[in-house]
Amino acid sequence: MVSPSEDVAPAVADVLGAGGLYRDPLWRVDVELSSLEQELLRSWWVRRLGLIAHAGAASIATTQSYTRLEHSLGLLALTAHFAPNDHTARAAALLHDVGHLPLSHTFEGVSGLDHHQLGAQRIADFAALLADHGLDHEDVIAFETGERASVLRGGPGALKLDHFESLVRSGRAHGRTRRAPPHTLARIELIDGAVSTDRDTGQYLAELVAGEARWLCSTINAVPNGVVRHLAAMLLADATAARRGEIAAMADDEFWALLLTDPTTAAAARALRRDPAWPTAELDATSDGIGYTVDRLYLDMPLVEGRPLAATHPAFAELPAMPWGCRILPPQQRMSANLVGKPEGVTSP
């Protein structure tokens with residue numbers, strides 16, 4: 001087991017695997033990188049994750065500014081902590097997000113784009129490299145999807161390592177954490193891939209689960225993600241399959257550049273970036289605007305005494321009923337009229 005370290009460590013939290021040692025700054029876990037992991041960190045599909053905002057388009061309106069690569073390295077650190085010799089699981093941890101679209105989940109599902117399908121295709125691109133290191137890319141995909149049991153996934157309703165990492169990292173970025181992440185990690189164990197802990201720590205994680213859910217159902221999250229999702233739908237509506245593939249492979253900066261230069265989206269994209277505090281109304285309102293809905297929330301809970309903790313924390317009572325949504329009202333004076341009067345319901349994944 002790789003232990004959390006709060007003392008002197010020679011590692012640097014770079015994202016290139018320099019020197020073969022990575023220290024995750026959130027978890028304070030030192031990871032001795034394998035030669036495969038060092039090569040993966042220099043590959044484009046993994047490098048690209050450093051140019052994809054974990055918060056999606058909402059990164060322009062929040063302190064949650066870290067990238068998919070930071071999260072993936074955090075998951076690698078946790079995987080190395082709990083299963084240091086499981087190299088298939090470690091590879092799956094580092095590669096599990098490579099299929100993400102620009103701005104993460106912002107326009108997931110638009111024109112049939114699915115980051116899980118894209119991820120499997122991109123992991124297959126690593127087949128030869130993985131084989132050179134004794135791994136089968138199909139095993140890596142099966143670990144990532146949960147088709148095969150591993151440290152990365154537990155049973156239904158149980159908090160898995162990926163979401164645990166996201167939960168604490170997002171909570172730290174938003175100021176919701178009350179405990180140092182290494183101290184929380186010290187109270188965690190994995191049971192058949194599910195995060196298990198004591199009751200007190202479980203209630204603390206429940207607070208973070210509820211806090212993350214409240215954030216997803218906030219207008220600060222909904223406005224930038226809803227507007228950009230709408231603009232992406234406009235760009236992709238008549239795009240060829242090849243063009244959809246090009247857009248899906250972009251990094252955030254490339255996609256923003258596209259939004260800011262395409263005549264159909266430029267005015268709205270510019271207005272959003274300059275001031276994303278657009279007004280909103282009830283979803284069932286009749287006014288023009290952009291519909292945005294959240295169909296489901298990630299409410300998986302840690303195990304306590306062998307069972308997923310019940311969602312009895314008072315914070316859960318504050319969550320809205322699903323589906324939650326709002327209608328985003330464009331500031332008409334700051335953009336061309338082609339966006340106004342086109343209400344379009346969209347769903348956050």
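- Among H71, H54, H115, H116, the one residue that satisfies the ring-ring contact (aromatic ring centres under 6.0 Å, His included) test with H100 is H115.
- In this structure, R68 does not pair ionically with D252, as no charged nitrogen and carboxylate oxygen lie closer than 4.0 Å.
- Put simply, the side chain of V304 does not reach to within 4.5 Å of the side chain of Q203, judged on heavy atoms.
- Residues L190 and L159 share a single hydrophobic cluster, defined by chaining ILVMFWY side chains whose heavy atoms lie under 4.5 Å apart.
- No single ILVMFWY cluster, assembled from side-chain heavy atoms under 4.5 Å apart, contains both I52 and I60.
- Aromatic rings of F82 and W27 (six-membered ring for Trp) have centroids beyond the 6.0 Å cut-off, not under it.
- Atom NE2 of H137 sits about 8.5 Å away from atom CG of L130, to the nearest 0.5 Å.
- Sparse packing is recorded around CG of D192, with 12 or fewer heavy atoms of other residues, nucleotides or ligands lying under 6.0 Å away.
- W256 is listed as a side-chain neighbour of V228, based on a closest heavy-atom distance under 4.5 Å.
- At least one side-chain heavy atom of L94 sits less than 4.5 Å from a side-chain heavy atom of L41.
- Judged purely by distance below 3.5 Å, without hydrogens or angles, the side chains of Y298 and D300 never pair a donor atom with an acceptor atom.
- For the pair R42 and E39, the salt-bridge criterion is not met [side-chain N within less than 4.0 Å of a carboxylate O].
- The hydrophobic clustering, which links ILVMFWY residues whose side-chain heavy atoms are closer than 4.5 Å, places I220 and I290 together.
- Contact check for P308 versus L303: side-chain heavy atoms found under the 4.5 Å cut-off.
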Exercise for review: Evaluate the side-chain hydrogen bond (donor to acceptor under 3.5 Å, both in side chains) criterion for residues D198 and T201: first the C-alpha distance (whole Å), next the side-chain angles of each, then the deciding distance (0.1 Å), finally the verdict.
Suggested key: CA-CA 6 Å; D198 59 86; T201 305; 2.9 Å; yes
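- Heavy atoms of other residues, nucleotides or ligands lying less than 6.0 angstrom from CZ of R179 number more than 12.
- For the atom pair Y204 OH and T184 OG1, the distance stands at 4.5 Å (nearest 0.5 Å).
- In terms of the side-chain contact (heavy atoms from CB on, under 4.5 Å) criterion, residue partners of E212 (sequence neighbours excluded) are, by chain and number, L167, S170, R176, W215.
- At a threshold of 4.5 Å between side-chain heavy atoms, the hydrophobic network of Ile, Leu, Val, Met, Phe, Trp and Tyr places V168 and Y66 in two separate groups.
- L95 has its side chain within reach of L40: a pair of non-hydrogen atoms, C-beta onward, lies under 4.5 Å apart.
- The closest side-chain heavy-atom distance from H174 to T62 is below 4.5 Å.
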